[in-house]
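Encoded as structure tokens, the structure appears first; notes follow it.
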Amino acid sequence: QKEVEQDPGPLSVPEGAIVSLNCTYSNSAFQYFMWYRQYSRKGPELLMYTYSSGNKEDGRFTAQVDKSSKYISLFIRDSQPSDSATYLCAMSALQDGNKLVFGAGTILRVKS
Amino acid sequence: DSGVTQTPKHLITATGQRVTLRCSPRSGDLSVYWYQQSLDQGLQFLIQYYNGEERAKGNILERFSAQQFPDLHSELNLSSLELGDSALYFCASSARGGFSYNEQFFGPGTRLTVL
């Protein structure tokens, strides 16, 4: 079993929809939770990070972490065709320094 | 543009060969990380260097090695290449490498194809 599980999709939604992306994890030592966006043939870029449990909002993006359930989510409101990309969740534990453990990535397609 | 540069962009080589991938971190960043991205394994951490010293190691094969030089650029050496080593190799950098959150900035990657 992988440390971080993420449904690879693809997820196809119409423009303007609310998108929900999720990851589950097994390592209770994870404390930092991140969402990266990766366009085709590019490097991942950080969208948001959250420390421990709670919510964080940045524009159209909201990240949620529920450590008791070992479950994290990313919501995208008013999705745009430019949001079409692969979304990767990533996590790290203090004891492992800054090493990131990634989910498989979810391919998102927003249709105009 | 993240400020992290990687060369070459593409590399095609044969099984059994050895290649070197190069990474220049963002100006001022002391830590460099190497990741491998393949279709079956996803994005996996290989190794981290901080100010010239190895800081953390992931599932890096013994055929692979890395180093960080005094000017902070890093090289990843892959030897005795196998077909399964074909992947995208990303370098990332962060300001520090200690035991607190440091945002990692990823380079554009090197696509390695082993024939």
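A quick note: this is a predicted structure, and the numbers were derived from the prediction, not measured. Naming convention: chains lettered A, B, ... in sequence-line order (proteins, then strands); numbering from 1 in each chain. All values below come from the heavy atoms of this structure, side chains included, with hydrogens, waters and symmetry mates left out.
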Backbone of A:Lys99 reached by a side-chain donor or acceptor of B:Gln104 within 3.5 Å
no
Which of the residues A:Met34, A:Glu45, A:Lys2, A:Gln6 is involved in the greatest number of heavy-atom pairs with chain B at under 4.5 angstrom?
A:Met34
Given the options A:Gly103, A:Pro8, A:Pro44, which has more heavy-atom pairs under 4.5 Å with chain B than any of the others?
A:Pro44
Joint hydrophobic cluster, A:Leu88 plus B:Tyr33, side-chain heavy atoms closer than 4.5 Å:
yes
Suppose a student defines contact as a heavy atom less than 4.5 Å from any heavy atom of chain A. Which residues in residues 15-24 of chain B would they list?
none
Is it the case that more than 12 heavy atoms not belonging to B:Asn59 sit under 6.0 Å from its CG atom?
no
So what's closer than 4.5 Å to chain A heavy atoms on B:Asp40: side chain, backbone, both or neither?
backbone
Is it possible for you to say whether B:Phe90 and A:Tyr49 belong to one hydrophobic cluster, with membership spreading through side-chain heavy-atom contacts below 4.5 Å?
yes
What's the verdict on side chain to side chain contact (heavy atoms under 4.5 Å, CB included) for A:Asn98 and B:Ser31, showing C-alpha distance, side-chain angles and the deciding distance?
CA-CA 10 Å; A:Asn98 216 14; B:Ser31 236; over 6 Å; no
So for B:Gln44, is it side chain, backbone, both, or neither that comes closer than 4.5 Å to the heavy atoms of chain A?
neither
May I ask you to check whether over 12 heavy atoms, not counting those of A:Arg109, lie within 6.0 Å of atom CZ?
no
Hydrophobic cluster membership, A:Tyr32 vs A:Leu46, 4.5 Å side-chain cutoff:
yes
Mind jotting down which residue pairs meet the ring pair (Phe, Tyr, Trp, His ring centres under 6.0 Å) criterion with at least one end in residues 79-110 of chain A? Sequence neighbours excluded, please.
A:Tyr36-A:Phe102, A:Phe102-B:Tyr35
Transitively linked via ILVMFWY side-chain contacts under 4.5 Å: B:Leu112 with B:Leu76?
yes
For residues 63-84 of chain A, which residue pairs pass the ring pair (Phe, Tyr, Trp, His ring centres under 6.0 Å) check, not counting sequence neighbours?
none
Listed by chain and number, what are the side-chain contact (heavy atoms from CB on, under 4.5 Å) partners of B:Ser65, not counting sequence neighbours?
B:Asn77
Which atoms of A:Gln38 approach chain B - backbone, side chain, both or neither, heavy atom under 4.5 Å:
side chain
Roughly how far, to the nearest 0.5 Å, is CZ of B:Phe106 from CG of A:Leu100?
5.5 Å
In terms of hydrophobic clustering (I, L, V, M, F, W, Y; side-chain heavy atoms under 4.5 Å; direct or indirect links), are A:Phe30 and A:Leu47 co-clustered?
yes
